[in-house]
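Take a look at the structure set out below.
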Amino acid sequence: MTTSDIKVGPRQQRSVCPLDCPDACALQVTVDSEPSADGTSSPVITRVGGHPDHPVTRGAICHKVQRFPQRVHSPERVLTPLRRRSDRPKGLGQRPAFDDFEPISWAEACRDIGQRFRDIIRTHGAEAILPYSFYGNMGVLNSESMDRRFFNRLGASKLARTICNSAAAEGYAHTMGATAGVDPEDTPHARLIIIWGCNIVSTNMHQVMLANEARQQGARIVCIDVHHNRTARWADESHILRPGTDAALALGMMHILFRDGLTDDAFLREHALGVDALRAEVQQWTPEHTAAVTGLEVSAIEHLAHLYGTTSPSLLRIGNGLQHHDNGGMIIRTLSCLPALTGQWGRRGGGALKGNGWYAQFNAQALRRPDLHPSPEARTFNMNELGAALLAADPPVQALFVYNSNPVQVTPDQSRVRAGLQRDDLFTVVHDLFLTDTCGYADIVLPATSHFENLDLYKSYWHLYVQLSEPVLPPQGEARSNVQLFRDLAAEMGFTDPCFQDTEEDLVRQALDSPSPYLQGITLESLRTHGWQRLKVPDIGLYPQHIPTASGRIELYSQRLADLGLPPLPAHTPLQEPEGHPYWLITAPNHRFLNSTCAEDEKLQRLEGNTPTVIMHPDTAAREGIATGDRVGLFNERGSVELTAKVAAEVLPETLVTLGLWRDSPEQGLQAVNHLTPSRPADMGGGATFFSTRVSLRPATAA
Ligand SMILES: Nc1nc2c(c(=O)[nH]1)N[C@H]1C(S)=C(S)[C@@H](COP(=O)(O)OP(=O)(O)OC[C@H]3O[C@@H](n4cnc5c(=O)[nH]c(N)nc54)[C@H](O)[C@@H]3O)O[C@H]1N2
Ligand SMILES: Nc1nc2c(c(=O)[nH]1)N[C@H]1C(S)=C(S)[C@@H](COP(=O)(O)OP(=O)(O)OC[C@H]3O[C@@H](n4cnc5c(=O)[nH]c(N)nc54)[C@H](O)[C@@H]3O)O[C@H]1N2
Ligand code: SF4
Ligand SMILES: [Mo]
């Protein structure tokens, strides 16, 4: 009997979804074995589903991740290190192909990188090297441990990881002190749920399940957005306003709450700072003025304020979309004042939820070792401004190391990003599972493991469970995890610090060795036993007993903001994009891609309609002479793309919406929307301003 005769049945194994999505679903993976050519057998994932026992995600997962067996075992995966062939120039707008590269060994790859890094450091100093990463894999080990140690020890330039939530994080903290809010498991207690700039049907599906429970008990669900999106269609009512005017709406609601005696004055006296100043400030925000700024009807504003002022507990689920604007920080700062006005904090299900990432305070010092950096004052680049970093930094960036991110697709002002990457003298290394468009500019491509192939520790930035994910498969081909990669590069560079010898288990222990009260009792061993554990967050969260602002109160007035030269009171700052182009363009995520991840999956593309569309109001279509199905050019000073028109009264006449980060296509031409988006930083946190984009439309060509 040979090994292949032994029938090994499928087994079930626990895992965690690694994608940058609030739900951080617990997965149940079916692994079977497949005979290999050499007579042995190798494990294959045949099914990925949700783990039924997880208290929040409860066995339900999205379509994207149900497709992970195909993704993990895809013939398109990069399985060996690759070096660009000398006769294949970088980029030039082509999609990268395996043919552009020659396979090399890991030893050669590490030697090439080490040699180039040593040369650059000798000639230009280590700050000529720039890491570029985000959360393509949310695992703490593979996103912010050995990698950070390596670049710190190297003395590289630093990266401000601002592309997602940094304006909101700062804006929310100015009011509430920390990125912490309502425990989503308390959602069913809410009687009013306002989903504000958050497309939860696509981006946070378990928030929908929890809100449906509230709805069964009589809760009303309101959606406030610039697009009548999937979530608006599911909600009980939907309000469509002008982009970037949400702070104005919140100020108008506050005006009515004060005017009509709908505020909880006892709560405000005890827990808030600056009530009188705010009351005076919002005098000017009459319903008429608010309507003129937001584009909403006066009656809608009165209705929203009264609903909010008379329903309790009320939950604001604040999204990421509305903070991807020039004024994004101040929008979130302003919205987060609302629950205090009606005294929601401390009532189960009442308050706001922008994110809960603050609670799981893993030991970042131990994981990332910032103390290893020889010059703590080293220059920092805002990741949104990658184009400028590559084209205009002085002294220049000589090497870029990309992992856990696909900047050619996700970073704003893509044409400048591509122009920067096109530089012949720039040495670019990309570590990924696939030949992304960023690999089209790489000198060296390194094969990354999927998260099914290594141990990692996960938190959610929404629910309150920490999870451990054990490997389900051995590394495929010659793939190496981020942890392994940077351990190997540290050895190549001759770094002898003991921290570069740490195993994955060591790293998990170090992460959990934190003074945070919320992590007490959570250990590698207990996670191994249970899979997940709830953070020790006090019942009903922090507020209002423990408000981690400087004053210990909810800061309706913020001295810190005044000191920064920003309005100390909640404010509406009109968007700054220069005139000249008539439309706002909102480039939000779609249902079936996860940023640029999954955008290469043809089945998911088909389900998304095969082609990116631009949604426009019938009046706009009539004025521009465009019909559904026409190809439409969108352009501004940064670039142009061509998309397919969808005419629908889902947006205001001044707004255009397109969903999903599609790749430029050999057949359909330029269609990656980040050709159009601005890289300038938002008002707070150096945040991204993707949605403060102005564009013009070009005459359509008939379909
Ligand atoms: N299916 C899917 N799920 C995802 C992702 C994905 O790409 N696809 N991405 C993941 C990531 S990284 C993140 S950060 C989250 C993001 O998920 P969300 O928090 O839902 O944020 P967005 O989808 O960016 O935008 C939400 C909504 O904001 C609206 N919006 C834009 N501008 C404004 C405005 O000025 N005011 C108001 N009120 N609304 C506005 C958009 O129309 C959109 O409907 O989702 C995660 N989950
Ligand atoms: N126009 C516009 N642009 C946007 C947005 C938008 O709404 N509109 N959303 C923005 C937001 S909120 C975000 S968070 C960013 C997201 O930007 P990114 O974090 O760059 O997101 P992804 O496109 O998912 O790319 C992640 C890459 O990491 C790779 N990867 C996955 N696991 C691993 C691993 O273990 N190791 C390595 N080395 N690689 C791995 C994946 O294959 C993928 O290519 O995009 C931003 N860009
Ligand atoms: S992408 Fe989000 S909803 Fe889908 S499985 Fe992952 S965590 Fe769950
Ligand atoms: Mo994000």
Side-chain angles (χ1 to χ4, degrees), residues 18-23 62-64 71 132-139 142-143 147 163-165 168 195-205 223-232 239-246 249 317-325 327-328 331 354 383-384 402-407 409-412 414 430-434 436-439 446-451 453-454 456 461 479-482 485 575 584-600 651 655 657-661 672-674 676-677 688 690-693:
L19 295 182
D20 185 352
C21 169
D23 301 54
C62 68
H63 198 171
K64 305 181 280 293
R71 179 175 164 80
Y132 197 91
S133 77
F134 205 62
Y135 292 90
N137 177 343
M138 288 286 288
N142 280 289
S143 62
D147 55 319
I163 206 164
C164 179
N165 179 46
I195 313 288
W196 205 323
C198 199
N199 189 13
I200 57 173
V201 168
S202 294
T203 63
N204 186 194
M205 60 179 275
C223 181
I224 300 175
D225 207 286
V226 299
H227 175 211
H228 191 78
N229 58 19
R230 283 175 186 259
T231 305
H239 300 272
I240 304 305
L241 41 55
R242 295 200 174 111
T245 64
D246 301 84
L249 173 59
R317 175 70 179 97
I318 303 173
N320 227 43
L322 76 174
Q323 57 96 56
H324 275 157
H325 282 293
N327 56 5
I331 286 180
K354 172 63 189 76
M383 72 184 297
N384 294 314
V402 179
Y403 60 101
N404 275 359
S405 184
N406 181 12
Q409 281 301 86
V410 305
T411 307
Q414 184 185 131
V430 180
H431 183 228
D432 205 303
L433 291 82
F434 293 93
T436 63
D437 284 339
T438 305
C439 295
L446 301 171
T449 48
S450 76
H451 88 291
E453 297 153 47
N454 30 261
D456 218 322
Y461 49 88
R480 292 188 184 174
S481 71
N482 299 13
L485 163 66
L575 296 182
W584 293 113
L585 176 68
I586 307 296
T587 56
N590 64 3
H591 196 68
R592 295 180 185 85
F593 306 165
L594 198 296
N595 302 314
S596 75
T597 302
C598 304
E600 75 290 339
V651 295
T655 309
V657 169
T658 173
L659 302 177
L661 298 181
V673 289
N674 277 324
L676 301 167
T677 52
F690 291 110
F691 299 170
S692 288
T693 300

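Below, all heavy atoms of this structure are taken into account, side chains as well, without hydrogens, waters or symmetry copies. Read the numbers this way: they start at 1 and go in the same order the structure lists the ligands and their atoms.
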Would you say [X] has any N or O atom under 3.5 Å from an N or O of ligand 1, going by distance alone?
X	value
H325	yes
G244	yes
S202	yes

### Query
Measuring from H451:NE2 to N482:CG, what's the distance to the nearest 0.5 Å?
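Output value for this atom pair is 13.0 Å.
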
Looking only at heavy atoms, which two atoms of [X] and [Y] are closest? And how far apart?
X	Y	result
A168	Q323	N-OE1, 2.9 Å
P407	V402	CD-CG1, 3.6 Å
C598	K64	SG-CB, 4.1 Å
G244	H325	N-NE2, 3.8 Å

### Task
For ligand 1, indicate whether the residue N229 contacts it via side chain, backbone, both or neither (heavy-atom separation under 4.0 Å).
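Just the side chain.
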
Please list, in number order, the atoms of ligand 1 under 4.0 Å from a heavy atom of [X].
X	value
H591	1 (N)
I224	38 (N)
P243	35 (O)
K64	1 (N), 2 (C)
D246	34 (C), 35 (O), 36 (N), 37 (C), 38 (N)
H227	42 (O)

### Query
Protein residues near ligand 2, heavy-atom distance below 4.0 Å?
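Contacting ligand 2 under 4.0 Å are D20, R71, F134, Y135, G136, N137, I163, C164, N320, H324, Y403, N404, S405, N406, V410, H431, D432, L433, T436, A448, T449, N482, T587, P589, L594, N595, S596, T597, L661, N674, F690, F691.
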
### Among N595, N674, D437, V673, the one residue meeting side chain to side chain contact (heavy atoms under 4.5 Å, CB included) with Q409
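Looking at N595, N674, D437, V673, the match for Q409 under the side chain to side chain contact (heavy atoms under 4.5 Å, CB included) is D437.
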
### Query
Checking salt bridge (charged side-chain N to carboxylate O under 4.0 Å, His left out) for the pair E453/R480: CA distance, chi angles, key distance, verdict?
CA-CA 9 Å; E453 297 153 47; R480 292 188 184 174; over 6 Å; no

### Message
Checking side-chain hydrogen bond (donor to acceptor under 3.5 Å, both in side chains) between Y403 and each of N142, D147, N137, which is the one that passes?
### Response
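Of N142, D147, N137, side-chain hydrogen bond (donor to acceptor under 3.5 Å, both in side chains) with Y403 is met by D147 alone.
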
### Message
Which residue in the set T411, N406, D432 passes side-chain hydrogen bond (donor to acceptor under 3.5 Å, both in side chains) when paired with T438?
### Response
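When side-chain hydrogen bond (donor to acceptor under 3.5 Å, both in side chains) is applied between T438 and each of T411, N406, D432, only N406 qualifies.
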
### Backbone N/O of N199 and side chain of T203: donor-acceptor pair under 3.5 Å
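Side chain of T203 to backbone of N199: a pair is present.
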
#### Entry: Set of ring pair (Phe, Tyr, Trp, His ring centres under 6.0 Å) partners for F691, sequence neighbours left out
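Here the qualifying residues are H324.
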
